[in-house]
Amino acid sequence: MWFGSSYLQQYIFGEVNPKLKRLFLFQLFVVLFITLFCALGTWQLYRLQWKMELISEITFGLNSTPIKYSNNIEKNYQRVTSEGVYKFEDQIYLYSLNEKGKPGYDIITPFKTSNNENILVNRGWIDKKLKGLEVINTDKKIKITLFPVFLNLIIEL
């Protein structure tokens, strides 16, 4: 009497015992949930493998030597270096809290490279009092090293 075989026999050949009907439904319920939990466990193993590969890709990219920036770079998390000037007149202040909960702004500044390409650079967090002051901006031609998360999301202005 495994998995309701007697239930099926009685159903085909005669009247069904309510006790056997409950037993069959319980066995069916158990088998369905065991299948569901095995599928979820398998999905978690695939997800773990994907996360380990992603962490490895990020670590490799951050530990690599920076390469010269161009729009043709297809590898994510690759450190890049570029020369150019910040366009301070177009910078954006995004309101945010620092790790201690203090209010301030993240500064997003367009950077015009020597190849006439524009990229957005998150220059970091500043206190609320420093918004708009010239102290935070330098007009020199500089060389920067970027840690882009997704190179295909670098925006052309």
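Judged purely by atom type and a 3.5 angstrom limit, R79 has no side-chain atom pairing as donor or acceptor with the backbone of N63.
Sequence neighbours left out, not one pair with a member in residues 41-59 passes salt bridge (Lys or Arg N to Asp or Glu O under 4.0 Å). Annotation: salt bridge (Lys or Arg N to Asp or Glu O under 4.0 Å) contacts involving residues 99-113, sequence neighbours excluded, comprise K102-D127.
Shown here are the side chain to side chain contact (heavy atoms under 4.5 Å, CB included) partners of S82, two or more places apart in sequence or in another chain: Y69, F111, T113. Scored by the ring-ring contact (aromatic ring centres under 6.0 Å, His included) test, Y46 finds no partners at all (sequence neighbours excluded). Residues that satisfy the side chain to side chain contact (heavy atoms under 4.5 Å, CB included) test with L97, not counting sequence neighbours, are Y95, P103.
More than 12 heavy atoms of other residues, nucleotides or ligands sit less than 6.0 Å from atom NZ of K68.
Hydrophobic cluster membership is shared by V80 and V121, with clusters built from Ile, Leu, Val, Met, Phe, Trp and Tyr side chains linked at under 4.5 angstrom. Residues V30 and L23 do not share a hydrophobic cluster, clusters being chains of Ile/Leu/Val/Met/Phe/Trp/Tyr side chains in contact below 4.5 Å. Residues I92 and W125 fall into different hydrophobic clusters, defined by Ile, Leu, Val, Met, Phe, Trp and Tyr side chains chained together at heavy-atom separations under 4.5 Å. Using a 4.5 Å cut-off between side-chain heavy atoms of Ile, Leu, Val, Met, Phe, Trp and Tyr, with links allowed through other members, F60 and I67 fall into different hydrophobic clusters. Each of L36 and L28 belongs to its own hydrophobic cluster when Ile, Leu, Val, Met, Phe, Trp and Tyr are linked at side-chain heavy-atom distances under 4.5 angstrom.
Distance CG/L120 to NZ/K87: 9.5 Å, rounded to 0.5 Å. Expressed to the nearest 0.5 Å, how far OG1 of T35 lies from CG of L40 amounts to 11.0 Å. If you take OH on Y93 and NZ on K131, they are separated by 7.5 Å, rounding to the nearest 0.5 Å. Atom CG of N98 is separated from atom OH of Y105 by 13.5 Å, given to the nearest 0.5 angstrom.
Contact of the F26 side chain with the V31 side chain is not registered, since no non-hydrogen atoms from C-beta on lie closer than 4.5 Å. Using a 4.5 Å cut-off on side-chain heavy atoms (C-beta onward), P110 and D90 make contact. For the pair Q91/I108, no side-chain contact is recorded, criterion being any heavy-atom separation below 4.5 Å from C-beta on.
For the pair T109 and I107, the tightest heavy-atom approach, listed with the atom from each and the gap, is OG1-CG2, 3.3 Å.
In the hydrophobic clustering, M52 connects to L48, either directly or through intervening members, whenever side-chain heavy atoms lie under 4.5 Å apart.
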Residue pair Y77, L54: steps toward the side chain to side chain contact (heavy atoms under 4.5 Å, CB included) verdict: CA-CA 10 Å; Y77 308 104; L54 182 62; 3.9 Å; yes

